[in-house]
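Contents: one structure, followed by commentary.
Letters A, B, ... are given to chains in the order of the sequence lines, protein chains preceding strands, and every chain is numbered from 1. Everything numeric in this text was worked out from a predicted model, so none of it was measured. Atom set for the values below is all heavy atoms of this structure, side chains included, hydrogens, waters and symmetry mates excluded.
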Amino acid sequence: MLTYPDYIVIALYLIGTLILGGLIGFRMKTGRDFFLGGRQLPWWAIGMSLVATDIGGTDIIGVGGAAYNYGMAVANFEWIGCVPAMMVGAFVFIPFFYRTGVYTIPEFLEHRYNVVVRTILAICWLSFMACNLGIMLLASAKMMSTLFDWNAVMCILVTAVLVGGYTLLGGLAAVVYTDMIQCVMMIGGCLLILVLGLIEVGGFSELRKRVDEAQTRRAADVALESGVGAQAGSSLESSDESASRQHSATSLILPVDTPSPFPWPGIYFGLALILSPAYWIGNQAIVQRSLGARSEFEAKASYIWGALLKNLIPFIVAVPGLIALALLPELEDGDAAIPSLVGSLLPVGLRGLFVAAFLAALMSSVDSYLNSAATIVSHDLYKRFVDRDVTDSRLLMVGRITTFGLVVWAVVFAFYLSSLQESSGIYTIFQTLMAFFQGPAFAVLLLGVLWKGANGRAAIVALLAGIATSVTLFSLNQPWIAEYFGWSPLFRIQEPFLYFSIWAFLVAAAVLVILSLFMGKQTPEQLKYVFSNQEQILSDDGEPPSEVSSGADL
Amino acid sequence: MSPLHQFGESIRNLLLSVPLPAVRALFVLTLVALLIWVLRLPELKWTACLAILIQIIIYSIF
């Protein structure tokens, strides 16, 4: 599929990225340079980095595949699942976190609550990020192996060495500036498919017509199967499916009984109101780059710029899935939609540009998780529990050693996963696991910032109660457990992680409020970290206003 | 059927009774509320409004 001109394009992109990352690395002097880019990062670079980090390598293919299978409803994750939360983040939370001078969200939670809340969340995030690094490497390597016939082991090793190299040398600054280039590559490569695809189809109106025709044919096939199923006495799923098929592939809002993972209550209550703010306000990998901005105003501006760019993303990553549906309606596997489209639309040389876009999406996510995981290890674990008086230059060394260790771990974990007999569903399982703690973590963060009454001990119980709720719902939804009790699974849609997050958030918030009313308020020092008291936080020079006490404030 | 299943079923039936045009209105009104909140912020507002307006147009059409 790829020829020499394609490989030249890919090589130029990779060499350019490595040189930029290396040049930034030679300017690193302190831990603050490494973890926060010396607080000298410009808003436009951070905004593009936010967008690039959010789109992983598997997303470039997977979002188009989901659009091929379920229509444009997958775009909700980039639109209502990003823009509102980024606005609230920009004008409320990000400037507040910036002013407190913290390096990590768990560090903020120790200021507001206590060391136990900080440690629980630091370990949760670190576990998720460390595992996700291996999963991203493996999932993308498998994809590259399938699409380009590359050796999967070499893909894992080369990606890890390249990304690990510039992240280890240049820290957050290298991550943000290379992400900026990767964002341009990603948008350029995907835009190319969109434009050439629309020309091939004959424009937007023709695309809509042909997609609706393909949907009608599918609905007819499903109705035929439904008739056969009804005769066999098992028509429940088929009738559900035909309900979904009545809606246009360009519809963003799907009914409650859709068989897709995107019913509107999950999108509105689970994604827009809970998981999306939890991600854009509470995810260390996202928030950290804005904490490295040149000023509080630039930190806000980075989020607004990112939100504006987010409006474009579904057009370039999801609409190509619909173009594939119009041009290649007979594909068995939705994930084959974009690669098939690339193979049929792009000439030699331009295919290399798409592969570079895929690699850009992969590398921009891996480098961010690598740097953020190293920040959590260095600040929330090493500096907090091993050496509280560590110098800034020593912390830089700790950060680099941790980054190296995480790269080795990611490669080993990726190889371990590839040795498992059934590893294809691992990515989905880990996304579900993230939903387990993101809802409760957001409840604790949100109430901690907005409500003076939120109590530290209550926050610990609320976190654990929220996670327990997710685990219980997940368990009751497993067919073998439901069968044991003689029940049907609790949820009817595939991958109901959006619903888990709703209930986990609500339970955690309720427990936190009720217990806090009985346990009383925190100390005046801790209440400085409530939004309405923010004028008491005098630090605007990037350093925490005071060292946290050693946990006696439980 | 467990009490949890019955609770889930009653919520599902409640949500099923909401017509999709009303759901679309809910999405759009949420974005309009966000737009009004941003416009009322004391002295980025215009760039933020542009991003939200694009969202309102998208959710009104699709």
| query | Distance from B/Gln55 atom CD to A/Cys82 atom SG, nearest 0.5 Å? | reply | 9.0 Å

| query | Hey, is the main chain of A/Ile80 close enough, under 3.5 Å, to the side chain of B/Tyr59 for a donor-acceptor pair? | reply | yes

| Side chain, backbone, both or neither: which part of A/Trp43 has an atom under 4.5 Å from a heavy atom of chain B? | neither

| task | Answer with side chain, backbone, both or neither: which region of B/Ile58 has an atom nearer than 4.5 Å to a non-hydrogen atom of chain A? | result | both

| note | Rounded to the nearest 0.5 angstrom, the CG-CD1 distance for A/Asn311 and B/Ile54 is 4.5 Å

| message | With a 4.5 angstrom heavy-atom cut-off, is it the side chain or the backbone of B/Ile11 that approaches chain A, or both, or neither? | response | side chain

| Nearest heavy-atom pair of B/Leu31 and A/Pro84: which atoms, and what distance? | CD2-CG, 4.0 Å

| request: Please state whether the side chain, the backbone, both or neither of A/Pro265 comes within less than 4.5 Å of a heavy atom of chain B. | output: side chain

| request: Report the C-alpha distance between B/Leu20 and A/Leu254 in whole Å, list the side-chain angles of each, state the deciding distance to 0.1 Å, and finish with yes or no for side chain to side chain contact (heavy atoms under 4.5 Å, CB included). | output: CA-CA 8 Å; B/Leu20 281 186; A/Leu254 297 184; over 6 Å; no

| task | Heavy-atom pairs under 4.5 Å with chain A are the metric here; pick the option from B/Leu26, B/Leu16, B/Ile61 that has the most. | result | B/Leu26

| Top contributor to chain A contacts, counting heavy-atom pairs under 4.5 Å, from B/Val18, B/Leu50, B/Val23, B/Thr30 | B/Val23

| query | With only heavy atoms counted, which part of A/Tyr303 is less than 4.5 Å from chain B, the side chain, the backbone, both or neither? | reply | neither

| message | side chain to side chain contact (heavy atoms under 4.5 Å, CB included), that's the test. Do B/Phe27 and A/Ile267 meet it? Break it down for me. | response | CA-CA 10 Å; B/Phe27 276 66; A/Ile267 293 295; 3.9 Å; yes

| query | Side chain, backbone, both or neither: which part of A/Met87 has a non-hydrogen atom closer than 4.5 Å to chain B? | reply | both

| Rounded distance (nearest 0.5 Å) linking atom CD1 of B/Ile52 with atom CG of A/Leu308 | 11.0 Å

| Which answer fits B/Leu15, side chain, backbone, both or neither, if we ask what part of it has an atom under 4.5 Å from a heavy atom of chain A? | both

